[in-house]
Amino acid sequence: MNIIKVGMADMNVACSPDVLRTVGLGSCVGVAIIDLSCKVAGLAHIMLPAAGRLDVENPAKYADTAVPLLVQKMQQQGACLNRMIAKLAGGAQMFTNLNQSDLIRVGPRNVEAVKTVLDQLRIPVRGEDTGGNAGRTIDFSAADGSLTIRTVAQGVKTI
């Protein structure tokens, strides 16, 4: 088993038995998608809700460009769109002392944007650990689709 790191504004695809890992999810959202039949998994570390256009320099940075591109990369490895399921983590509100304007609510807006794109692609969300105000590190297993979440000062759980 290899651990494949996914950086901020990055994505990657893995096959069983490998594990995809990303660290430092604050307001960012980790989108983990898997086709359990062929055990092809993908993970994106999304920073912002929308690019608003397709020709961006780094499509992995935005929910509206990252999720479709991740699905495409998984399909190139043999995954089938109608068998995919998703799990989400992150989307925290890291600056709770500031006012609640929409510009500051990056975490919740990221979660909403990711869910909108997943809904458009008809990929069901089967697990979620979002919100709060603490950072997370996640490991996503291509072997069984388990998402292990380590949250600052809150411990470890698997969904």
Side-chain angles (χ1 to χ4, degrees), residues 1-92 94 106-131 134-151 157-159:
M1 172 191 78
N2 295 312
I3 295 177
I4 300 167
K5 294 180 180 174
V6 176
M8 185 181 291
D10 189 16
M11 67 174 63
N12 214 328
V13 174
C15 296
S16 180
D18 293 342
V19 171
L20 294 158
R21 173 179 290 163
T22 194
V23 301
L25 287 172
S27 61
C28 296
V29 175
V31 181
I33 302 174
I34 191 165
D35 175 347
L36 284 167
S37 293
C38 64
K39 299 188 184 290
V40 172
L43 179 64
H45 184 137
I46 294 171
M47 292 178 63
L48 295 169
R53 56 191 175 98
L54 296 176
D55 62 338
V56 294
E57 186 172 318
N58 181 1
K61 187 174 182 180
Y62 307 95
D64 63 341
T65 52
V67 176
L69 181 59
L70 182 62
V71 167
Q72 181 182 16
K73 289 179 178 287
M74 292 175 63
Q75 289 174 316
Q76 291 169 350
Q77 297 298 314
C80 181
L81 177 61
N82 62 13
R83 294 189 308 238
M84 292 180 187
I85 61 168
K87 296 181 179 181
L88 311 176
M94 299 302 289
V106 176
R109 289 176 41 229
N110 282 339
V111 173
E112 293 166 13
V114 166
K115 287 181 175 178
T116 297
V117 177
L118 290 170
D119 188 55
Q120 290 168 348
L121 294 170
R122 299 176 192 257
I123 299 173
V125 176
R126 295 293 164 88
E128 179 177 353
D129 182 51
T130 59
R136 296 170 172 93
T137 293
I138 59 175
D139 286 339
F140 188 46
S141 169
D144 63 5
S146 62
L147 184 67
T148 302
I149 304 153
R150 290 185 294 281
T151 305
K157 65 178 159 183
T158 300
I159 57 175

Kindly give the heavy-atom pair with the smallest separation between [X] and [Y], and that separation in Å.
X    : Y    : result
A143 : P17  : CB-CA, 4.3 Å
F140 : G145 : CE1-O, 3.3 Å
S141 : V19  : CA-CG2, 4.2 Å
G78  : C38  : O-SG, 3.6 Å
L81  : Q75  : CB-NE2, 3.5 Å
T158 : S146 : CG2-CB, 3.8 Å

Assess whether side-chain contact (heavy atoms from CB on, under 4.5 Å) is satisfied between Q76 and V13, documenting all intermediate values. CA-CA 10 Å; Q76 291 169 350; V13 174; over 6 Å; no
I need the [X] [atom1] to [Y] [atom2] distance, nearest 0.5 Å.
X    : Y    : atom1 : atom2 : value
I149 : L25  : CD1   : CG    : 9.5 Å
H45  : M8   : NE2   : CE    : 4.5 Å
I34  : I123 : CD1   : CD1   : 12.5 Å
R83  : M74  : CZ    : CE    : 10.0 Å
L43  : T22  : CG    : OG1   : 6.0 Å
M84  : R122 : CE    : CZ    : 15.0 Å

Working for side-chain contact (heavy atoms from CB on, under 4.5 Å), residues M47 and V106: CA-CA 8 Å; M47 292 178 63; V106 176; over 6 Å; no
Would you find a donor on one side and an acceptor on the other, under 3.5 Å apart, between the side chain of [X] and the backbone of [Y]?
X    : Y   : result
N110 : G91 : no
N2   : D18 : no
D35  : C80 : yes

Walk me through it: do D139 and L147 pass the test side-chain contact (heavy atoms from CB on, under 4.5 Å)? CA-CA 6 Å; D139 286 339; L147 184 67; over 6 Å; no
Lys/Arg-Asp/Glu bridge criterion (N-O < 4.0 Å) met for D129, K87: no
Given V114 and V125, is the side-chain contact (heavy atoms from CB on, under 4.5 Å) satisfied, shown in steps? CA-CA 10 Å; V114 166; V125 176; over 6 Å; no
Can you find a heavy atom in the side chain of Q120 that is under 4.5 Å from one in the side chain of V67? no
Is any side-chain heavy atom of M11 closer than 4.5 Å to a side-chain heavy atom of P59? no
